[in-house]
Amino acid sequence: MEVRNFVNGVLETTVRTLDNVTPGTGEVYGTIPRSGPEEVNRAVAAAKRAFPAWSSTPAAERAACLERLADAVRDNAPLLAEAEARDNGKPVSLAAHVDIPRAEKNLRFYASGIQHFASQSHAMEGEAINYTLRKPLGVVACISPWNLPLYLFTWKVAPALAAGNCVVAKPSELTPATAYLLSTWVEEAGFPPGVFNVLHGLGPEVGEAMVTHDDIAAVSFTGGTQTGARIAGHVAPKFKKMSLELGGKNPAIVFADADFDEALRTTLRSSFANQGQICLCGSRILVERSIYDAFRDALVAKASKMVAGDPLDLATKMGAVVSESHMSKILSCIERARDEGGSVLCGGNRVFPKGGENGFFVAPTVIEGLGPNCATNQEEIFGPVVTLQAFDTEEEALALANNTVYGLAATLWTTDLKRAHRVAAKIDSGIVWVNTWLLRDLRTPFGGVKASGLGREGGFEALEFFTEPQNICIQL
Ligand code: NDP
C-alpha cells in the first residue's frame with residue numbers, strides 16, 4: 001500500500017518515503033510519506049483558509065459530513081479490519097469486532113453530540129443576563145498512537161471537526177494505513193478542502209512541526225508519557241490548549257470474595273488483549289493472599305495456552321506486537337525482570353509461528369516474586385507482560401495500587417458492594433472498572449491523572465476541549 005498525505009482535499013504524490021513493515025511477517029509491504037515542516041506549513045495554511053466557512057457551517061451540516069464518513073467506514077469495514085491487522089499485527093477478528101466498529105461509532109457519536117451540545121446562561125436578577133458562547137478554536141493538531149490506530153484517530157478528529165475546527169491530523173508512522181484509507185473518503189463525505197488534513201511521517205519530524213506551528217491553536221495527543229512531556233514543553237509556553245492521554249501501569253485488584261471465574265477470564269483479557277498494547281490493560285495484578293496460589297496457577301494455565309499466530313487468520317486470538325524495536329524492548333524488560341529477581345511463570349520469549357518466523361511475536365508472560373518498587377512494577381512495558389503480587393488487607397491493596405507515577409485505569413474484583421465503592425473512590429486513577437474491564441460508555445469522561453495525562457476526552461468533555469468559552473454579559 002502506498003500511503004499518501006491528504007492536504008487541502010488532495011491526495012498528494014510523495015517524494016520522500018519511509019518503509020511500512022507488517023509485524024506478522026516482518027516484511028516491507030508499502031511506503032509512507034516522510035513529511036516534515038513543509039507539508040505541515042501547507043496543511044496548516046489550507047486549514048486556516050477553510051476555517052471561517054467551516055466554523056460558520058451549521059452544526060447539522062457538519063454532522064452530516066461526519067455521518068457520511070461513518071457510512072464509508074461501515075461500508076469498508078472488512079477492508080479496514082484487514083488493513084489494521086496487516087499494519088499493526090493485531091488479530092483481524094479484534095480489528096473487525098473492536099477497532100473498526102468503534103471508529104464508526106466515534107464519528108456518529110460526535111455527529112450526534114454536537115447537535116446536543118449546549119452552553120450555559122446565568123441570569124443576574126433584574127440586572128443582566130449572561131450567556132456563554134462556545135467557539136471553535138481554529139486549526140487543531142490531532143496526534144494518535146499505533147495501538148488502536150483508527151479507533152483513537154477518529155476519537156480525536158470527530159469532536160474536533162464536529163465543533164467547527166479545521167484539523168491537521170497525524171497517525172503513528174507505524175500504523176498509517178487506516179487513517180490513510182479514511183482520508184480517501186473525506187472529500188466524498190462532503191468536507192470542503194482544507195477542513196480535514198492527514199499527514200504521515202515520523203513523530204519527531206512531522207509531529208513536532210505540527211505542535212510547534214504558531215497557527216495551531218490546540219494539540220490533542222495520545223501516546224507515551226515522555227512524548228507527552230516533550231509536547232507540553234513546546235505547547236505550554238505558547239499558551240495553546242492541550243489534551244494529553246498518556247501511559248499507564250494499571251492495577252487489577254482481585255479480592256478473595258470476587259467471582260473467581262469471571263475475574264480470571266477478564267483478567268486474562270485485560271492482560272493480553274491486543275498483545276497487552278492497550279493503555280488500559282492491567283499490568284500489575286494484585287491478588288488477596290488466600291486465593292493467590294489458585295488464581296496464579298489458573299492464570300498461568302490459561303496464558304500458556306494462548307498461541308500467537310498470523311494476524312490475518314480469523315482464528316488468531318494473539319497477534320504480533322507492533323514492531324521489531326518494540327518487541328526488543330518488551331524482551332529486554334522481561335530480562336530486566338529476571339535480573340530483578342522475578343520468576344517468569346510462563347512465556348518470557350519470542351515465538352516463531354509457522355509462516356511468521358520473521359514476525360514480531362512475544363508469548364504471553366506472567367511474572368511473580370517482584371517487589372512493588374522495582375522497575376518492572378513501575379515502568380510501562382506495553383506488551384503481553386504482567387506481574388502478580390499478593391496482598392493481605394484492603395489498605396495494602398490500595399497502597400500497592402497507588403504506588404506508581406501513573407493513574408490511568410484500575411480494575412477491581414469484589415462482590416462486596418460497600419468495599420467496591422470504598423476502594424474505587426480511593427484509587428488515584430481516571431477510570432475504575434468494578435467486576436468488568438474495558439466497558440466503555442462514550443459519554444463518560446476518559447483520561448488519566450498524574451503522569452497518565454492532562455484533561456479528559458469523551459462525551460461533552462471533548463467538545464468543551466475543542467471550543468473556547470466566551471462570556472457575553474448584557475445589561476437588561
Ligand atoms: P509515542 O508517544 O511514541 O507516539 C504517539 C504519537 O506521537 C505518534 O503518532 C508519534 O509519531 C507521535 N510523536 C512522537 N514523537 C513526537 C514529537 N516529538 N512531537 C509530536 N508527535 C510525536 O507513543 P506510541 O505510539 O508508542 O504509543 C504507545 C503509548 O501510548 C503508550 O505509552 C500508551 O500507554 C499510550 N497510550 C495512551 C492512551 C490513553 O488514552 N491514555 C491510549 C493509547 C495509548 P510516530 O509514531 O510516527 O513516531
Side-chain angles (χ1 to χ4, degrees), residues 88 140-149 151-157 159-160 169-175 202-204 207-208 210-212 216 218-237 240-252 270 273-284 321-323 326 329-330 333 375-383 385 401-411 427-433 437-438 440 444-458 461-462 464-466:
N88 170 279
V140 300
C142 296
I143 300 180
S144 51
W146 48 257
N147 61 332
L148 301 165
Y151 174 136
L152 291 175
F153 186 81
T154 49
W155 186 229
K156 293 184 181 305
V157 300
K170 189 196 99 63
S172 169
E173 120 274 348
L174 293 171
T175 53
L202 298 167
E208 189 118 345
M210 284 163 64
V211 302
T212 53
I216 292 284
V219 175
S220 175
F221 170 81
T222 298
T225 294
Q226 274 189 340
T227 317
R230 187 174 168 83
I231 289 174
H234 288 303
V235 171
K240 298 175 182 192
K241 272 183 125 176
M242 63 180 149
S243 165
L244 303 173
E245 299 292 342
L246 310 176
K249 191 76 187 173
N250 308 313
S270 69
N274 206 35
Q275 295 70 248
Q277 302 166 128
I278 302 180
C279 53
L280 304 165
C281 278
S283 51
R284 294 180 300 138
V321 301
V322 74
S323 66
H326 192 54
K329 181 202 144 180
I330 295 167
C333 287
T376 305
N377 275 326
Q378 288 295 321
E379 292 176 19
E380 186 183 43
I381 298 172
F382 215 57
V385 181
N402 288 335
N403 181 39
T404 160
V405 295
Y406 296 107
L408 186 54
T411 309
I427 295 178
D428 301 331
S429 68
I431 304 157
V432 179
W433 278 291
W437 176 71
L438 208 63
R440 292 277 297 119
T444 58
F446 179 88
V449 299
K450 303 197 284 183
S452 289
L454 187 69
R456 292 290 182 276
E457 297 185 322
E461 304 265 351
E464 279 165 11
F465 173 74
F466 283 116

Check: N147 side chain, Q277 main-chain N or O, donor-acceptor pair, under 3.5 Å: yes
Backbone of R284 reached by a side-chain donor or acceptor of N377 within 3.5 Å: no
P145 vs L152 side-chain heavy atoms within contact, under 4.5 Å: yes
Min side-chain heavy-atom separation L280-L408 under 4.5 Å: yes
Shortest non-hydrogen separation from K450 to Y406 and the atoms involved: CE-O, 3.2 Å
Partner set under salt bridge (Lys or Arg N to Asp or Glu O under 4.0 Å) for K249, not counting sequence neighbours: none
Atom CD of Q378 with >12 non-hydrogen neighbours under 6.0 angstrom: yes
Any pair counted as salt bridge (Lys or Arg N to Asp or Glu O under 4.0 Å), so long as it reaches residues 218-233, sequence neighbours left out: E208-R230
Reported CD1-to-CD1 distance for the pair I231 and I143, which is rounded to 0.5 angstrom: 4.5 Å
Close side-chain approach of F382 and C281, heavy atoms under 4.5 Å: no
Backbone N/O of A252 and side chain of T411: donor-acceptor pair under 3.5 Å: no
Backbone N/O of G248 and side chain of E380: donor-acceptor pair under 3.5 Å: yes
From OG (S144) to NZ (K170), nearest 0.5 Å: 7.5 Å
F221 side chain near L246 side chain, heavy-atom distance below 4.5 Å: yes
Non-hydrogen atoms of W146 and L174 that approach each other most closely: CD1-CD1, 3.5 Å
Shortest non-hydrogen contact between E464 and K241, atoms and distance: O-NZ, 3.2 Å
From OG (S323) to CD (E173), nearest 0.5 Å: 8.5 Å
Shortest non-hydrogen separation from G448 to R456 and the atoms involved: O-NH1, 3.1 Å
Minimum heavy-atom distance A409-S429, with the two atoms named: N-CB, 4.0 Å
Side chain to side chain, N274 and N88, heavy atoms closer than 4.5 Å: yes
For L454 against M242, the heavy-atom pair lying closest together: CD2-CG, 4.1 Å
With E379 via salt bridge (Lys or Arg N to Asp or Glu O under 4.0 Å) - residues at least two apart: R336
Flag side-chain contact, heavy atom, 4.5 Å: I278 against Y151: no
Between K156 and T222, a side-chain donor and acceptor under 3.5 Å: yes
ring-ring contact (aromatic ring centres under 6.0 Å, His included) involving F153 - partner list, sequence neighbours excluded: none
Salt bridge (Lys or Arg N to Asp or Glu O under 4.0 Å) partners of residues 402-411, not counting sequence neighbours, each pair once: none
Results of side chain to side chain contact (heavy atoms under 4.5 Å, CB included) for S243 - residues two or more places apart only: S220, E245, E457, F465
Atom pair CD1/CD1 of I381 and I330 - distance to nearest 0.5 Å: 8.5 Å
